[in-house]
Amino acid sequence: MIMWKKHPKALPFLFFSEMWERFGYYLMIGIFTLYLKDATDGFNMDEKDASSLYGTFIALVFFTPFLGGLIADRYLGYRRSIILGGLLMGIGYCTMGVQSEAMLYLSMTLVIIGNGFFKPNISTLLGNAYTTPEYIDKKDEGYNIFYMGINIGAFVCNFFGAALYSLIGWGAAFAAAGVGMFIGVIIFIIGTKHYKNFDVRKPLQPGDMPLWQIMALVILPSIIFGVIGWFLKGTGGYIFDSNSTDAFIFACIPVLIFYTVLLVRSNKEERPSMAALLSIFAVVILFWAIFKQNGSALNTWASRYTDREVSSTAGNALQALKQTDKSSYTTYKLDSVVKMDHQFRKIRENGKEIKELGYPSYFKNVAPDKLPPEGTFVKTWLPSLSQSINPFWVIALTPLIVAFFTWLRNRNKEPSTPTKIAFGLLISALSVLVMVAAVKAGNNGAEKVSVWWLIGSYGVVTIGELFLSPMGLSLVSKLSPVRITSLMMGGWFLSTSIGNKLSGILASQWDNYENKANYFWLNFILLSAAALFLFLLLKWLNKIMKSRGVH
């Protein structure tokens with residue numbers, strides 16, 4: 001292909017390895033909360049518990065790359081770490097469809113550990129392939145192509161997942177995620193000869209903390225605090241809102257103390273850069289808290305509040321909602337295609353087990369005069385397909401954003417990296433206003449609204465993502481003191497991890513908001529406050545950037 005022509009031969013193999021890895025990961029994430037809430041073939045969780053567990057899961061997925069990167073750097077090497085991580089994730093995906101709570105947690109653990117070994121090291125290996133004089137000036141373009149592979153996998157996977165879990169079952173969809181991961185590992189192994197020379201381990205440098213010390217000062221205390229948080233009970237049963245939330249928040253305490261001590265003990269030359277990075281890490285937590293609701297609150301919006309009916313032509317590939325007349329609540333019942341929309345769900349009220357029909361029910365917010373006639377078929381697209389909207393926008397908008405900044409650079413008007421991040425937060429806040437308008441259009445959930453509201457919201461937040469996410473990684477590489485670059489990169493992943501967990505905490509409160517617009521207004525206020533805070537820091541941050549000779 002023409003796009004590989006001027007790049008290292010390692011690029012296409014790493015591109016397709018990452019594409020298939022992301023295919024598996026985003027397929028799994030797209031159906032995870034739906035699976036947890038399924039009363040028949042899932043775990044019968046309510047919105048709060050499912051969102052809380054989702055938040056903890058994706059938080060830990062982004063915490064382990066910090067440790068996996070260090071182990072690969074100093075001991076295992078990148079290739080062995082990537083293969084090990086891929087195999088662990090593939091096994092985890094395949095076993096996740098087994099309807100057993102013990103197997104669910106084991107599968108999640110395999111994915112968390114596997115991602116820690118895979119995620120940071122394949123990106124590092126790609127960067128190493130561009131260190132030769134022939135390719136060094138093409139690194140940014142290479143990462144743009146690589147990022148495209150990530151989003152192609154994320155876009156395509158949901159169509160496979162929707163078809164499989166609707167026609168066969170959850171197990172088939174999770175198995176497809178595992179197969180995708182195994183394909184990625186096979187492709188990676190096939191391309192070994194193109195990057196084996198770049199798999200160079202890094203010995204300890206003066207000032208580096210040995211791995212055992214990091215384990216003793218950070219990881220072990222985090223595990224101990226996490227266990228304490230899990231078992232410690234407050235007046236309402238939990239300190240915060242669930243065992244998993246309590247455990248995660250407690251586990252973060254030793255890590256936050258560690259980075260605070262690292263800042264206090266830094267020398268005068270390092271301290272401004274470290275303070276700048278830690279300030280940005282703290283702010284972007286709120287971006288991830290809102291952005292990562294795509295698999296929880298926005299998935300719920302797609303399921304309950306979005307008009308998902310499709311024409312008979314477009315719907316031929318889907319099963320139909322079949323008319324039954326077995327319920328006084330409604331004359332419609334879902335079959336296997338969208339079984340999450342109609343089913344009996346066991347709940348408890350005043351200590352007595354009762355049953356509620358249709359939770360969440362596709363027809364709860366359809367006006368009686370708009371219900372389909374008796375005996376007709378209604379075909380809908382599956383809510384997990386909404387997870388493909390964001391990667392579609394990334395693929396479509398990345399060339400435009402790159403061209404925009406190139407245009408500004410050629411005129412010496414390109415903003416600094418912290419400025420880009422601040423605007424990314426502001427633009428992301430505007431995306432939440434689209435959802436506020438969607439709530440108004442649907443009369444606070446009384447009526448279904450067009451999918452264009454979701455498409456519009458995802459489009460705006462994707463612009464914010466492209467302003468912020470790549471820039472954050474770039475900033476770490478520019479400002480980190482050389483002796484602790486890995487630790488500061490770990491700080492970026494930690495901020496992502498905490499934000500992911502906060503997204504679950506926020507989404508777990510969805511059912512508590514009678515007026516859904518207030519839920520989105522809260523998200524808007526959080527992102528706007530983060531953007532305002534960073535804009536206030538810009539003068540100081542840009543001064544530090546200038547003193548370091550970077551932009």
Side-chain angles (χ1 to χ4, degrees), residues 27-54 57 92-108 158 160-178 295-296 299-306 308 317-349 352-366 377-387 507-508 510-511:
L27 192 162
M28 180 272 300
I29 284 297
I31 63 176
F32 187 71
T33 55
L34 300 176
Y35 175 52
L36 296 179
K37 292 184 288 187
D38 189 339
T40 306
D41 300 316
F43 293 89
N44 195 25
M45 291 188 184
D46 59 21
E47 191 72 38
K48 178 180 178 180
D49 290 341
S51 295
S52 180
L53 184 58
Y54 164 84
F57 181 32
Y93 296 150
C94 288
T95 56
M96 195 168 282
V98 178
Q99 194 178 1
S100 159
E101 189 169 324
M103 189 60 73
L104 174 68
Y105 283 101
L106 174 61
S107 301
M108 290 167 60
N158 295 298
F160 284 86
L164 288 169
Y165 88 72
S166 64
L167 298 175
I168 303 176
W170 298 113
F174 286 117
S296 51
N299 222 4
T300 298
W301 182 268
S303 176
R304 300 186 196 177
Y305 305 100
T306 299
R308 294 187 279 111
L318 302 176
Q319 296 288 339
L321 293 171
K322 295 179 180 177
Q323 181 267 340
T324 60
D325 192 15
K326 297 182 178 179
S327 166
S328 59
Y329 177 76
T330 177
T331 59
Y332 298 89
K333 181 182 179 183
L334 259 309
D335 65 3
S336 61
V337 177
V338 274
K339 58 188 174 186
M340 282 304 300
D341 280 339
H342 269 314
Q343 59 188 336
F344 283 101
R345 178 178 179 81
K346 293 182 180 179
I347 59 174
R348 289 183 175 274
E349 188 175 278
K352 181 181 178 182
E353 187 175 276
I354 60 174
K355 290 183 178 181
E356 180 188 4
L357 179 65
Y359 180 86
S361 169
Y362 186 74
F363 289 107
K364 274 187 176 180
N365 50 4
V366 175
F377 293 93
V378 178
K379 300 176 181 179
T380 65
W381 53 269
L382 292 146
S384 61
L385 293 178
S386 66
Q387 299 302 294
S508 71
W510 175 268
D511 286 336

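Because only heavy atoms are used, hydrogens play no part in the values below, and waters and symmetry mates are left out as well, while side chains stay in.
A heavy-atom distance below 4.5 Å is found between the side chains of Thr300 and Lys37. No side-chain heavy atom of Leu27 sits less than 4.5 Å from a side-chain heavy atom of Leu164. For the pair Leu36 and Asp49, the minimum side-chain heavy-atom distance is 4.5 Å or more. Contact annotation: the side chain of Met96 approaches that of Phe32 to within less than 4.5 Å [non-hydrogen atoms, C-beta and beyond]. Proximity of Met45 to Tyr54: side-chain heavy atoms (C-beta onward) are nowhere separated by under 4.5 Å.
Between the side chain of Tyr165 and the backbone N or O of Tyr35 there is no donor-acceptor pair closer than 3.5 Å. In this structure a side-chain-to-backbone donor-acceptor pair under 3.5 Å is present from Gln99 to Gly42. Looking only at distances, a side-chain donor or acceptor of Ser166 sits under 3.5 Å from a matching main-chain atom of Ala162. A donor-acceptor pair is defined here as one N or O able to donate and one able to accept, closer than 3.5 Å; such a pair exists between the side chain of Thr33 and the backbone of Gly295. At least one donor-acceptor pair under 3.5 Å links the side chain of Thr306 to the backbone N or O of Trp301.
In this structure, Phe57 CZ and Ile29 CD1 are separated by 5.5 Å, a value rounded to the nearest 0.5 Å. Rounded to the nearest 0.5 Å, atoms OG (Ser508) and CG (Leu53) are 11.5 Å apart. Ser51 OG to Glu47 CD: the interatomic distance, rounded to the nearest 0.5 Å, is 4.5 Å.
Nearest heavy-atom pair, Gly161 versus Ala173, reported as atom, atom and distance to 0.1 Å: O-CB, 3.9 Å. Between Arg308 and Leu382 the shortest heavy-atom distance is NH1-CA, 4.2 Å. For the pair Ser386 and Ala302, the tightest heavy-atom approach, listed with the atom from each and the gap, is OG-CB, 3.6 Å. Taking all atoms of both residues into account, the shortest heavy-atom contact from Asn299 to Ser384 is OD1-CA, 4.1 Å. Residues Met28 and Tyr93 come closest through the heavy atom pair CE-CE2, 3.8 Å. Taking every heavy atom of both residues into account, Leu34 and Pro383 meet most closely at CD1-CG, 4.3 Å.
The local environment of CZ in Phe160 is sparse, with at most 12 non-hydrogen atoms from other residues, nucleotides or ligands closer than 6.0 Å.
In this model, a donor atom of one side chain and an acceptor atom of the other lie less than 3.5 Å apart for Thr95 and Ser107.
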